[in-house]
Amino acid sequence: MNVYDFIVKDQKGNDVSLKQYEGKVLLIVNTATGCGFTPQYKGLEELYEKYREQGFEILDFPCNQFFHQAPGTDEEINTFCSLRFNTQFPRFKKVEVNGDKAEPLFKFLCSQNEKNKYKKVKWNFTKFLVDRNGNVIARFEPTTKPEKFEEDIKKALEK
C-alpha cells in the first residue's frame, strides 16, 4: 500500500484519486489559516514554483482540529490562501487528521514513520514527503520551515 491507493475529496466534495500523482514527489501538508505557522504558505509556494516542473506537487489539506485555526468554508480558505499567499498548489476539502474521524490518508501517513515516534499529527503544518513510488520518506514537524527541507525535495526529485 502507498499514497496512490487513496481517494480524497476536492474542495467541492468530489472524489480525487491520488493515483493521478503517481510518479511525482509529493509534500502532503495539513494546514490552517489562523495559525502561527500560516506564514509557511509563502515558503511552500516558493518551493512549488521552483520544483513543480520537475514533478513536485504539494497537496494541501486544511484542518480545523487544532484550536479551530482553520475556520470558514473550503471556498473561504481557498480564497484566503490564493489572495494572501498566492498559492497555486492543489487544496483539498477540510479534514481531520487525528482520531476516529481522521482522513484515512493521514492515518496511513502517520503509520509510516519508521521509528514509530509519532502515531498522530502533532499540529498544523505537519509535512510528509513522499517519493515518486508513493512511499513516505520524511516527516517534517510544524516548526520546520519549508526552506529547511528543500535539499530533501531535491534529492527525492533526482531519483
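Below, each value reflects all heavy atoms present in this structure, side chains not excepted, and no hydrogens, waters or symmetry copies.
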Inset, instruction - Taking atom types as modelled, find out whether E75 and Q11 have a side-chain donor-acceptor pair closer than 3.5 angstrom. - result: no

Legend entry - Under 3.5 Å side-chain donor-acceptor pair for K154 and Q54: no

Looking at every heavy atom in both [X] and [Y], which two are closest together, and how far apart are they?
X    : Y    : answer
Q40  : T143 : NE2-C, 4.5 Å
F125 : L44  : CE2-CD1, 4.1 Å
E150 : L47  : CG-CD2, 3.7 Å
P71  : T33  : CD-OG1, 4.0 Å
T87  : E45  : CA-OE1, 3.2 Å
F66  : V121 : CZ-O, 3.6 Å

Given 3.5 Å as the limit, does a donor-acceptor pair link the side chain of [X] with the main chain of [Y], or not?
X    : Y    : result
T126 : W123 : yes
E76  : T73  : yes
R139 : L129 : no

Legend entry - From CA spacing to verdict: side-chain contact (heavy atoms from CB on, under 4.5 Å), L109, V3: CA-CA 8 Å; L109 293 170; V3 298; 3.9 Å; yes

Could you tell me which residues satisfy side-chain hydrogen bond (donor to acceptor under 3.5 Å, both in side chains) with [X], sequence neighbours excluded, listed by chain and number?
X    : answer
K9   : D15
K155 : none
N86  : none
K148 : none

With rounding to the nearest 0.5 angstrom, report the [atom1] to [atom2] distance, [X] to [Y].
X    : Y    : atom1 : atom2 : answer
D5   : L105 : CG    : CG    : 10.5 Å
K122 : C110 : NZ    : SG    : 12.0 Å
F56  : I153 : CZ    : CD1   : 3.5 Å
I137 : R132 : CD1   : CZ    : 10.5 Å
F106 : Q65  : CZ    : CD    : 10.5 Å

Inset, instruction - Please test N133 against N2 for side-chain contact (heavy atoms from CB on, under 4.5 Å), starting from the C-alpha separation and ending with a verdict. - result: CA-CA 8 Å; N133 297 313; N2 63 43; 5.8 Å; no

Inset, instruction - Please assess L18 against V8 for the test side-chain contact (heavy atoms from CB on, under 4.5 Å), listing each intermediate value before the final yes or no. - result: CA-CA 7 Å; L18 294 186; V8 296; 3.9 Å; yes

Legend entry - Contacts of A32 that satisfy side chain to side chain contact (heavy atoms under 4.5 Å, CB included) - sequence neighbours left out: C35, Q69, A70, N124

Legend entry - Partners meeting side chain to side chain contact (heavy atoms under 4.5 Å, CB included) with R84 (sequence neighbours left out): F80

Inset, instruction - Under the ring-ring contact (aromatic ring centres under 6.0 Å, His included) rule, collect the residues that match up with F128, sequence neighbours excluded. - result: none

Legend entry - Any residue meeting ring-ring contact (aromatic ring centres under 6.0 Å, His included) with Y51, in chain and number order, not counting sequence neighbours: none

Inset, instruction - Would you check if the distance from the ring center of Y21 to the ring center of Y4 is below 6.0 Å? - result: no

Legend entry - Cluster link V97 to F67, ILVMFWY, side chain under 4.5 Å: yes

Legend entry - ILVMFWY network linking I77 to L83, side-chain heavy atoms under 4.5 angstrom: no

Legend entry - Steps toward side-chain contact (heavy atoms from CB on, under 4.5 Å) verdict (T38, T31): CA-CA 7 Å; T38 301; T31 61; over 6 Å; no

Inset, instruction - Sorted by first residue and then second, give each salt bridge (Lys or Arg N to Asp or Glu O under 4.0 Å) pair with at least one member in residues 93-106; sequence neighbours left out. - result: D74-K93

Legend entry - Within residues 53-70 or reaching into it, pairs that qualify as salt bridge (Lys or Arg N to Asp or Glu O under 4.0 Å) - sequence neighbours excluded: K24-E57, D60-R91

Inset, instruction - Enumerate the residue pairs fulfilling ring pair (Phe, Tyr, Trp, His ring centres under 6.0 Å) with a member in residues 86-105, sequence neighbours excluded, ordered by first and then second residue. - result: Y48-F89, F61-F92

Inset, instruction - Output every pair passing ring pair (Phe, Tyr, Trp, His ring centres under 6.0 Å) with a member in residues 131-159, not counting sequence neighbours, ordered by first then second residue. - result: F140-F149

Legend entry - Lys/Arg-Asp/Glu bridge criterion (N-O < 4.0 Å) met for E141, K127: no

